[in-house]
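Below is one structure, written out as structure tokens, with a few remarks after it.
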Amino acid sequence: MKVSVLDDYFDTLRTLRCFEKLAGHDVTVWNDHVQDIDVLAERLRECEALVLIRERTQIRTPLLERLPALRLISQRSVYPHIDVDTCTRLGIVVSSSQHVGTPSYAAAELTWGLVLAAMRQIPQQMRSLQAGGWQMGVGVSLGDKTLGIYGYGRIGAVVAGYGRAFGMRVLVWGREPSLAQARAEGYATAESKQAFFEACDVVSLHMRLVEETRGIVTAADLARMKPTALLVNTSRAQLIAPGVLVTALQAGRPGMAAVDVYEDEPLRDTSHPLLRMDNVVCTPHIGYVSRDEYEVQFADILDQINAYAAGDPINVVNPDALSRPRPTVSPGNC
């Protein structure tokens with residue numbers, strides 16, 4: 001198959017062990033980020049299998065309708081960036097492993113790194129030292145503080161374990177199944193969402209972005225946090241209602257934030273309010289960006305391509321597309 005990979009910023013895929021799974025396919029890897037439909041339509045004119053790295057590129061109807069050769073989109077995790085209904089109408093199969101129950105240590109480790117960086121003011125202290133200064137303030141220890149896990153799933157559970165190892169009290173909030181799982185594993189759960197935000201010294205968000213969770217963290221929730229508290233978001237920016245995090249930080253509740261995700265990505269606007277605040281630590285959506293995590297993710301993604309090529313697609317999220325096979329397109333007709 002003619003395979004195209006988008007947004008492989010550092011040309012990492014070719015260096016992974018799992019890349020050998022693509023032996024025998026005609027592979028093109030793109031290392032830049034493009035969202036222009038005309039450019040993408042030209043690049044993917046003969047593409048039969050499209051590999052996506054998370055939600056880096058939006059795959060919407062105007063583009064899909066200009067890709068006559070495309071038969072498969074292979075990726076991992078959720079897919080709010082893909083017009084799945086259009087894919088189904090056009091006979092394009094979307095395969096996406098949901099890896100339920102598989103811990104994501106890369107994201108959990110980055111989350112904990114942000115907790116430490118924000119509470120101990122590590123980036124700010126480093127900037128002070130680089131500027132010829134010395135200590136610029138006094139940080140906060142984690143021991144005996146309350147860590148709030150909003151969403152006790154495969155990442156939240158790992159972060160909860162890190163909190164316990166650092167001597168923190170762990171408090172969980174989320175849907176009832178996740179609360180039951182947290183209780184079964186020895187963690188306390190909050191009586192209510194309001195009580196959760198009021199009690200925690202650190203709140204870390206660990207939910208998938210679906211319609212039910214979009215904007216689930218409101219201005220009222222943030223206003224209930226302590227002025228000394230930290231909000232950490234390594235999941236999705238859209239879990240927080242638009243614009244309310246900046247306003248809440250300006251009002252002093254919570255007192256700090258550490259974020260890895262943004263409403264518009266890639267974020268290249270250096271005037272963005274979150275990048276200009278001394279009480280915010282920001283990273284460029286690197287929660288899953290580690291070589292070890294890439295090996296795990298791309299092994300699934302490439303297995304999906306080979307399964308489709310063998311006539312036995314796996315992890316199909318739109319099975320109706322299988323009954324609408326696309327006609328073969330020769331290069332001369334693309």
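On a predicted model such as this, the values are computed, not experimentally measured, just so you know.
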Test log, rule side-chain contact (heavy atoms from CB on, under 4.5 Å), inputs Asp26 and Met1: CA-CA 6 Å; Asp26 181 358; Met1 297 185 72; over 6 Å; no
Verdict with reasoning, Val140 to Lys145, per side-chain contact (heavy atoms from CB on, under 4.5 Å): CA-CA 10 Å; Val140 179; Lys145 299 294 192 304; 3.9 Å; yes
Working for side-chain contact (heavy atoms from CB on, under 4.5 Å), residues Arg89 and Arg324: CA-CA 8 Å; Arg89 172 172 59 83; Arg324 303 178 185 182; 4.1 Å; yes
Glu176 vs Arg183, salt bridge (charged side-chain N to carboxylate O under 4.0 Å, His left out): CA-CA, chis, key distance, verdict: CA-CA 10 Å; Glu176 183 53 42; Arg183 287 191 289 264; 2.6 Å; yes
Derivation of the ring-ring contact (aromatic ring centres under 6.0 Å, His included) call for Phe197 and Trp173: CA-CA 9 Å; Phe197 278 96; Trp173 183 247; 9.3 Å; no
Pair Glu198-Lys226, salt bridge (charged side-chain N to carboxylate O under 4.0 Å, His left out): steps then yes or no: CA-CA 7 Å; Glu198 289 174 349; Lys226 303 173 185 178; over 6 Å; no
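Linking ILVMFWY side-chain heavy atoms closer than 4.5 Å, directly or via other members, places Leu6 and Tyr9 in two distinct hydrophobic clusters. If you chain together hydrophobic residues whose side chains sit under 4.5 Å apart, Tyr308 and Phe19 fall into the same group. Residue Leu142 is not grouped with residue Ile122 when hydrophobic side chains (ILVMFWY) are merged at heavy-atom distances under 4.5 angstrom, including chains of intermediate members. Leu267 and Leu274 fall within a single hydrophobic cluster, where Ile, Leu, Val, Met, Phe, Trp and Tyr are joined by side-chain heavy atoms under 4.5 Å apart, directly or via other members. Under the 4.5 Å side-chain contact rule for hydrophobic residues, Ile301 and Leu50 do not share a cluster.
Side chain to side chain, Thr111 and Thr234 meet the donor-acceptor criterion of an N or O pair below 3.5 Å. Remark: the Asn315 side chain and the Ser96 side chain contain no N/O donor-acceptor pair separated by less than 3.5 Å. A side-chain N or O of Asp221 and one of Thr218 form a donor-acceptor pair less than 3.5 Å apart. Judged purely by distance below 3.5 Å, without hydrogens or angles, the side chains of Glu263 and His272 never pair a donor atom with an acceptor atom. For the residue pair Tyr152 and Glu185, a side-chain donor N or O sits within less than 3.5 Å of a side-chain acceptor on the partner. In this model, a donor atom of one side chain and an acceptor atom of the other lie less than 3.5 Å apart for Thr283 and Asp260. Residues Arg60 and Gln58 bring a donor and an acceptor atom of their side chains to less than 3.5 Å of each other. When only modelled atom types and interatomic distance are considered, Gln304 and Ser74 share a side-chain donor-acceptor pair under 3.5 Å. A donor-acceptor contact under 3.5 angstrom links the side chains of His33 and Asp7, judged on distance only.
Test Met136, Gln121, Gln135 against Ser128 for side chain to side chain contact (heavy atoms under 4.5 Å, CB included) and you get one pass: Met136.
Judged by the 6.0 Å distance and 45° axis criteria, Arg54 is positioned over the aromatic ring of Tyr288. Cation-pi contact between Arg164 and Tyr187: present, with separation from the ring centre below 6.0 Å and deviation from the ring axis of at most 45°.
In this structure a side-chain-to-backbone donor-acceptor pair under 3.5 Å is present from Gln98 to Ser77. Within the 3.5 Å criterion, the main-chain N or O of Cys18 finds a donor-acceptor partner in the side chain of Glu295. In this structure, Arg120 contributes its side chain and Ala118 its backbone to no donor-acceptor pair below 3.5 Å. Checked by atom type and distance alone, the side chain of Thr88 pairs as donor or acceptor with a backbone atom of Val84 at under 3.5 Å. The backbone N or O of Thr146 lies less than 3.5 Å from a partner atom in the side chain of Asp201, making a donor-acceptor pair. No donor-acceptor distance shorter than 3.5 angstrom exists from the side chain of Asn233 to the backbone of Val259, with no hydrogens or angles considered. A donor-acceptor contact shorter than 3.5 Å links the side chain of Arg169 to the backbone of Asp144. Formation of a donor-acceptor pair under 3.5 Å by the Arg253 side chain with backbone atoms of Met225 is found in this model. Judged purely by atom type and a 3.5 angstrom limit, Arg326 uses its side chain to pair as donor or acceptor with the backbone of Leu90. Looking only at distances, a side-chain donor or acceptor of Gln75 sits under 3.5 Å from a matching main-chain atom of Val78.
Rounding to the nearest 0.5 Å gives a distance of 12.0 Å between CG of Asp278 and CG of Leu249.
Here the closest heavy-atom approach between residue Ser235 and residue Leu205 is recorded as OG-O, 2.7 Å. When all heavy atoms of Leu245 and Ala257 are compared, the closest pair comes out as CD1-CB, 4.4 Å. Leu63 and Ala41 get closest at one heavy-atom pair: CD1-N, 3.7 Å. Closest approach of Leu275 and Asp269 over heavy atoms only: CD1-O, 3.5 Å. For the residue pair Ser104 and Glu293, the shortest heavy atom distance occurs at OG-OE2, 3.6 Å. The minimum heavy-atom distance linking Ile92 with Leu70 is given by the pair CG1-O, 3.5 Å.
A 6.0 Å sphere centred on CZ of Arg43 holds more than 12 heavy atoms belonging to other residues, nucleotides or ligands. Heavy atoms of other residues, nucleotides or ligands lying less than 6.0 angstrom from CG of Asp36 number more than 12.
In summary, Arg66 and Glu42 do not engage in a salt bridge, as defined by a charged side-chain N under 4.0 Å from a carboxylate O. Using a 4.0 Å cut-off between charged nitrogen and carboxylate oxygen, Glu265 and Arg56 do not count as a salt-bridge pair.
Residues Ile59 and Leu64 meet the side-chain proximity criterion, which asks for heavy atoms closer than 4.5 Å. Using a 4.5 Å cut-off on side-chain heavy atoms (C-beta onward), Leu72 and Glu48 make no contact. Residues Lys193 and Tyr150 have side chains in contact (heavy-atom distance under 4.5 Å, counting atoms from C-beta outward). Inter-residue side-chain proximity for Val94 and Val316 is flagged as unmet; no heavy-atom pair is nearer than 4.5 Å. The side-chain heavy atoms of Ser95 and Ile73, taken from C-beta on, include no pair separated by under 4.5 Å.
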